[in-house]
Every structure is written in structure tokens, then in C-alpha cells.
Colleague: 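Dumping the structure here so I can ask a few things about it.
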Amino acid sequence: MKKNTFVLLFFSLSLFAQNGDTNCEILLKINKLLQKEHYSPKPVNDSLSAYLFNELLNDIDPGRNIFLKSEVDLLSKQYLYQLDDLILDRNCSFLENIKKEYKTALLRNKAVLENLNKKPIDFSTRDTIRFRQKNFDFYMKENEIEKAWNKKIRYEIYSEIAGESKNIDSLKANFNSLSNNAKKRIIENELCKINTSLTNDKLFEDDFYNIFCEYFDPHTNYFSSDTKSSFVSNLSKEKLSLGLDISLNEKNEIIIVGIDPNGPAFKTGKIKKGDQIIAISNDKETLEVSCSSLESIAIMMSTDANVSLELTLKRKSEKAFNVNIQKQVLKDEENTVYSFIVNKEIKVGYIKIPSFYSDFEGHNNKGCAQDVAKETIKLMKDNINGLVLDLTDNGGGSMEEAVKLAGLFIDRGPISIVKDSRDKLSVINDPYKGVIYRGPIVIIINGNSASASEFFASIMQDYNRAILIGSTTLGKATMQTIQPLEKNDERHFVKLTISKFYRITGKSHQATGIIPNVSIPTIYQDVFQKESGFPTALKNDSLKSRIRFTPYVSNELIETLTEKSKDRVSKDPYFNSIVSLNTKIEAEIKKPLIEIPMTLDAIFENQTKINKLSEEISSLSSDDLNLEVSNSEYNKSLLILYPSLVEYNKIQLDNLKSNHYLNEAISIISDYKTLKQIN
């Protein structure tokens, strides 16, 4: 990262005005675009001002350990209801003023931390620590800063030590050495974060633009060229990639957990599974992992603008080393449709649809719908009796691909109603004549199934073309597009909501989600973020629809299959175990304000309780199913041609052998076949 001197803290007023003008120019362009194109534009008024001010402070000081209460009170008096007027008057020097106050507070905290680093921590102090569920008021006074940081550091030391072993006696015996090492790491990381912010001359400007956009709705976002590139890349099955799979461990360290044998990282010959990424560099800046946001690290690694990167890695106790990698275009196996055959009395095809990916840059017509069609044809050649489409954790993507996919399974007719910002209604019709597959279909959904997933699933449900099982979806029934702020602007973009879609019945699942035909509990379903939980989410409403359509099968058949499934699910020990675990998870997350003594014993006990629940979730037994899962004959031949895919294929296959939702889907298809034969 470019290093700038602390003179940045004392910019001249003329420079404040210059940067303020630039910020206002961008904000006014964003507002002009949103007022013209957004589905439901909002006025720039005191409500917007209060939202901007409060959300900015929540973003930059979520722990309430940077600003003093007196400083926030003064900023609030100056700006809480004035930001709208200042923006419209093209006077955005407030961003630089808030930035100056923020950096002054950071310098104060830096001095406190450096002082704490020089003297021993007194662990004999008797006090308690509280855990809060939501943002709380700013409270800190100037004479409380060192006390607050001392308490925070002590807690983090206790917490880190408590996670080192399950034996409390061993931890106590080695407490002095463990606490000294933990103190050094924790304070160094805090200082690193502060220094990173102090040297960032564009501190939180992009975040502020994004907060402005999210006031209109949670899916309207500001994109820089890098964030746009990263967003589009994540919606493609082929992307410029390092060929690495990474994961956060329990210490929030970034660890390499997989290496694509066809990728550039593998070809360096220097990288191994288990290596820890310490830093990432491009030709402009270096991000230290321990003191940079995960978002900034993800953007640097994924954006197409960074074709060449240098990784600083550490392997166990060895010295850190650097590796230069040139990205190359790779197929993202985790974001690609795949299929299997499952045998359980009857033969059923299974297709996982991880996202509604597409070629957003327009280089080819390949996308999710085409891949599902190919996999369906492969499965049909093996004489399947039914099809399971898995949309769990599918956050959406291209609405065009969702329309195409619906057209593959709906014979003909209208599939959705779209309303734009001018209240104009348009009916979307099935783009294809005929269907690719006529057999029974079950779709699996969960709380992370969103947007294009919900669009497709709702069509299949309304036409009685599929039975939906799982848990209620996110509840996003809006469509977005990415536009530059101005023609030929390649630096600033907005992903904005341009329309809202409704089911052919006239109903909408906006903010309510799609309720499956058969509700089956999924782990963490009560803590998934839902659309209704976003304060700026669009409201649910409905239309008077006169659209006529012909359901694929009778309501009576769907109801019979649904009741049979519900009866099985209610008696299933596995699903009942999930209900029990979800109750415990919800109780843990939603319990009132927690206050525990600031001692190793108390923090160890609290962590042990949480870890026990985590272990209970991880050990949820599902090995007794042992479903017979195999590749289609066509895919077997592909694996011979492409042996590099064998390992990942085996992981996918093994995971399905114990999938209880797939097992229930097969039972529904079996019931369908039986009832059809009887009739």
C-alpha cells in the first residue's frame, strides 16, 4: 500500500474543498442515476441524511472504541440532518472533516496501544465483560480510553488462550508465556489496522457512496472498477484465477485448503496445502492479511485488473516467502452445474445448480441454463425416473438464465409479471416451445436461495411442475442492472434495482420468501439473513392478475404428495435433530445481554459451551443413509478424458451419499410414480 506521511491529517482547507467537490460530484451523479432509473427512487432529505450519518459511524466504529461520546455528539449536531443539504449544495467537505476527526481518534488510540505494549497487563483486575447483539450508543469518555482498551486487550488474550487447549489446568500452568505471546500479536494487529487506516487517503469514501446507494434498497450498490470486476467474475463459471481454494481457520488466518492441479499456483511448484497467506501485493499496494478487511483482500485476489499477484506465505514455523503468480482463465468447479444418478428403488437424476451464472461480458452464450440442459440430457440417456434440482445456497445471478431455465421445463405460457419504475407491467413468456424433460421434478431450497433462484422456483411451483422442499427462501423479488455513472465512465458504477417481479398469480415473495410445499428444517435456518431484516428493503405487495395458465398436474396430486412427505419428515430422527439444534442455536444467538466475569475460567467455560454446540452441529450423524450415487455414463467417459476432475468429482459424489434432503426428494418421486400407476 502506498505510504503517506501524517501530513495527510492536516490538509489545507483548499484541499478539503477540492476533495469535497469530487465527492459531491460522484454523489450527485449517483443520485441523478438513481432518481432516473431506480425502481422506487427516494428524495434526498433529512431521512437520507440521518441514515448516511448513522450508518457511516456504525461502519467505521462498530465496537464503539474509537470515537468519544463528546466527539459523536458534536458531529451529530453538525451533520445528522445536514448531509442532504450539503450534498445538494455541492459542499462535501464533511467527509474530509469526519475523516480528520476519525484519524485524530485513531492517533489517540495508537498512542494508548503503544503505551499498553510497554507495560505488563494486570490480570488481577476484577470486572466483567458484556456481549451485545446490536449496535449500542457511543459512551466512551476521554479518561476511559486506556481502561477500555486494557479491558478489550485482556478479553482477547483470555479468548485466544482459551482456544489453545481443552485442558484448563494446562492453560493456567502456561498462562504467563501464552499471555505474553498473545498480547504481542493482538496489539501488533490493532496497530497494523490503525496504521493502514491512517495511510489511506481515500478512507471510507467508497463505503459512503455505497451507504448512499443502499438507502434506496439493500441491493443497490456502488461499484468501483475493481469491485465491479470482482462481482461479475463471481457470477461466471470461467474466470481469471490463481487456482487456489482458501479458507479462514479458527484464528481468522487465511489458509490454502486446495490447489487446482491445472492452475497457475500449482505450476509455481512452491505452494502447498496448509500454507498461510500473510500478505498480497499487486503493482500498486500490499495488503497485510492480519490488518486488512476480508473484503479488500477478496477484491484484490479476484478482480481481473490484478492479473499478476505476489503472495507472501508462511509454512508452519518456517520463514515467510514470496511467490509471484500470473492468473489464468480456469473453470470454477464450485460454480458450475454438475449431475449424478442416485439409485434407491428407483433411478433419479440429481443436478446441482450453484448459481445462475452467465457470460456477463457477452463473449459467448454459455450459461447455467445451457449446462442444466446438457446434464439433463445425459441423465435421460440413463433412463432416470425423476429429477432433483438443488438450489440450496444459490444466491441468484442472471435473470435471463432463470427465464431460459424455466422455459426448459414449462411447455408454454406466461411465467412472470414484471413492474418497472413507471408502474408499467410486462408479462414474461416461456421463451421455448416444448420441454426438455417431462418427468417428475423436486426442487430443494433453503434460506440462502435468492433472487433468480426464487424466480425460477416460484414458476415451477405455480405451474405444479415441481414440488419444493426445504426452508423458506431469502425473499428477494427484484432485478438489478449495472450502469456506469455516465456514458464511457469506466471507474464508477452502480448496481441498481430497476424492476420488481411478481408470480403469475399476482402474488409476490418480496420480503416474505418462497414457502416450500414441504417445509424441512435446515441447520441455521432461523439465523440466515432474510430480506425482511434489511431496513431499506422494498415492501411486499401483490397485483390483480388475470393471467390464465394450465398447471402441469392437479392440485390434488401435489397435495397428496406433500402430505405423504410431511408425514415422513415429522418422523425422521435426522430432521428432528436439526429442529433441536436450531432451538439451541437460536437461544444462544437471541439470548439477552450476556455479562460474564473477566477471568480465564469464565471465558474458557463460555467458549467451551459454544464449542460444544459447534461440535454437536458438526457431528450431526447422517452416515446411515449411504445412498448409491454414481456418475452418468457420459460423465464417466469425461472423467477418463480429464483425470484432473476426478478428485473434485469424488468429493461431490461422497457428499451426496448422506444428503437427507435428496433422500426425501427421491421418496417424493417414488410416491409420484406409484400414484400415477394407480391412476
Side-chain angles (χ1 to χ4, degrees), residues 62-66 106-132 140 143-196 247-255 274-279 288-292 312-321 588 594-615:
R64 305 307 194 238
N65 57 3
I66 297 175
L106 289 177
L107 283 172
R108 180 176 59 218
N109 281 356
K110 181 179 179 180
V112 169
L113 285 164
E114 288 174 339
N115 187 45
L116 284 173
N117 209 19
K118 294 175 183 176
K119 55 187 182 183
I121 297 286
D122 182 4
F123 291 100
S124 64
T125 305
R126 292 180 176 272
D127 54 14
T128 60
I129 188 164
R130 295 180 177 184
F131 299 88
R132 302 175 186 266
M140 203 161 55
N143 61 354
E144 297 173 341
I145 299 172
E146 184 166 335
K147 180 182 177 182
W149 272 105
N150 186 300
K151 190 173 182 178
K152 182 177 188 295
I153 299 301
R154 269 189 297 139
Y155 170 73
E156 291 187 6
I157 291 171
Y158 279 137
S159 183
E160 185 170 315
I161 292 173
E164 292 288 333
S165 171
K166 294 183 179 181
N167 187 326
I168 185 68
D169 293 330
S170 172
L171 295 177
K172 288 180 176 179
N174 296 284
F175 183 79
N176 288 338
S177 61
L178 289 171
S179 62
N180 286 334
N181 291 333
K183 174 194 169 187
K184 181 181 178 182
R185 281 193 302 273
I186 291 165
I187 293 181
E188 282 181 355
N189 282 346
E190 292 290 349
L191 288 171
C192 185
K193 292 174 185 177
I194 289 174
N195 287 329
T196 298
S247 178
L248 284 178
N249 65 10
E250 65 280 358
K251 296 180 181 179
N252 280 329
E253 297 168 338
I254 297 181
I255 305 298
D275 286 350
Q276 178 188 349
I277 299 177
I278 304 296
E288 301 287 340
V289 169
S290 62
C291 52
S292 300
T312 302
L313 304 170
K314 187 176 180 183
R315 186 172 300 150
K316 295 182 180 178
S317 59
E318 299 176 17
K319 291 183 178 180
F321 60 97
E588 186 66 32
I594 310 166
E595 186 171 351
I596 62 174
M598 183 78 86
T599 64
L600 180 61
D601 286 303
I603 292 170
F604 180 85
E605 181 182 351
N606 188 56
Q607 281 200 11
T608 300
K609 182 180 177 182
I610 295 171
N611 290 339
K612 185 178 179 182
L613 178 57
S614 179
E615 289 171 4

Colleague: Can you check side-chain contact (heavy atoms from CB on, under 4.5 Å) on Ile153 and Leu113, steps first, answer last?
Modeller: CA-CA 9 Å; Ile153 299 301; Leu113 285 164; 4.2 Å; yes

Colleague: Evaluate the side-chain proximity of Lys172 to Asp601: yes if any heavy-atom separation is below 4.5 Å, no if none is.
Modeller: yes

Colleague: Quick test of your reading: applying side-chain hydrogen bond (donor to acceptor under 3.5 Å, both in side chains), list the pairs with at least one residue in residues 147-156, sequence neighbours left out, ordered by first then second residue.
Modeller: Asn109-Trp149, Asp127-Arg154, Asn150-Arg154, Lys152-Glu156, Lys152-Glu190

Colleague: Could you tell me whether the side chain of Phe321 reaches within less than 4.5 Å of the side chain of Asp275, counting heavy atoms only?
Modeller: yes

Colleague: Locate the shortest heavy-atom distance separating Ile603 from Pro597; write the atom from each residue and the value.
Modeller: CG1-O, 4.4 Å

Colleague: Within this structure, what is the CG-CD distance for the pair Leu178 and Glu164, rounded to the nearest 0.5 Å?
Modeller: 6.0 Å

Colleague: Could you tell me which non-hydrogen atom of Thr312 sits nearest to which non-hydrogen atom of Ala320, and how far apart they are?
Modeller: CG2-CB, 4.1 Å

Colleague: Measure the shortest side-chain to side-chain distance between Glu114 and Ile187 over non-hydrogen atoms and say whether it is less than 4.5 angstrom.
Modeller: no

Colleague: Which value, rounded to the nearest 0.5 Å, describes the distance between Asn189 atom CG and Ile194 atom CD1?
Modeller: 11.5 Å

Colleague: Roughly how far apart are Ser290 OG and Ile254 CD1, rounded to 0.5 Å?
Modeller: 10.0 Å

Colleague: Of all heavy-atom pairs between Ile168 and Phe604, which one has the smallest distance, and what is that distance?
Modeller: CD1-CG, 3.6 Å

Colleague: Between CG of Leu313 and CD1 of Ile255, what distance do you get to the nearest 0.5 Å?
Modeller: 10.0 Å

Colleague: To the closest 0.5 Å, what do you measure between CD (Glu188) and NZ (Lys183)?
Modeller: 11.0 Å

Colleague: May I ask you to decide whether Arg185 forms a salt bridge with Glu253, counting only side-chain N to carboxylate O separations under 4.0 Å?
Modeller: no

Colleague: What's the shortest heavy-atom distance between Gln607 and Ser159, and which atoms?
Modeller: NE2-OG, 2.7 Å

Colleague: Please answer whether the main-chain N or O of Ile610 pairs with a side-chain N or O of Ser614 as donor and acceptor at a distance below 3.5 Å.
Modeller: no

Colleague: Can you name the closest pair of heavy atoms from Phe175 and Leu600 and give their distance?
Modeller: CD1-CD2, 4.0 Å

Colleague: With the side chain counted from C-beta on, respond yes when Met598 and Thr125 share a heavy-atom pair under 4.5 Å apart, and no when they do not.
Modeller: no

Colleague: Within the side chain of Asn115, is there an N or O that forms a donor-acceptor pair under 3.5 Å with the backbone of Ala111?
Modeller: no

Colleague: Answer whether the closest heavy-atom distance between the side chains of Glu160 and Ile157 falls below 4.5 Å.
Modeller: no

Colleague: Could you state the interatomic distance from CD1 (Ile161) to OG (Ser170), rounded to the nearest 0.5 Å?
Modeller: 11.0 Å

Colleague: Would you indicate whether Glu288, at its atom CD, is surrounded by more than 12 heavy atoms from other residues, nucleotides or ligands within a distance under 6.0 Å?
Modeller: yes

Colleague: Measure from the side-chain N and O atoms of Asn180 to the backbone N and O of Asn176, and report whether any donor-acceptor pair falls under 3.5 Å.
Modeller: yes

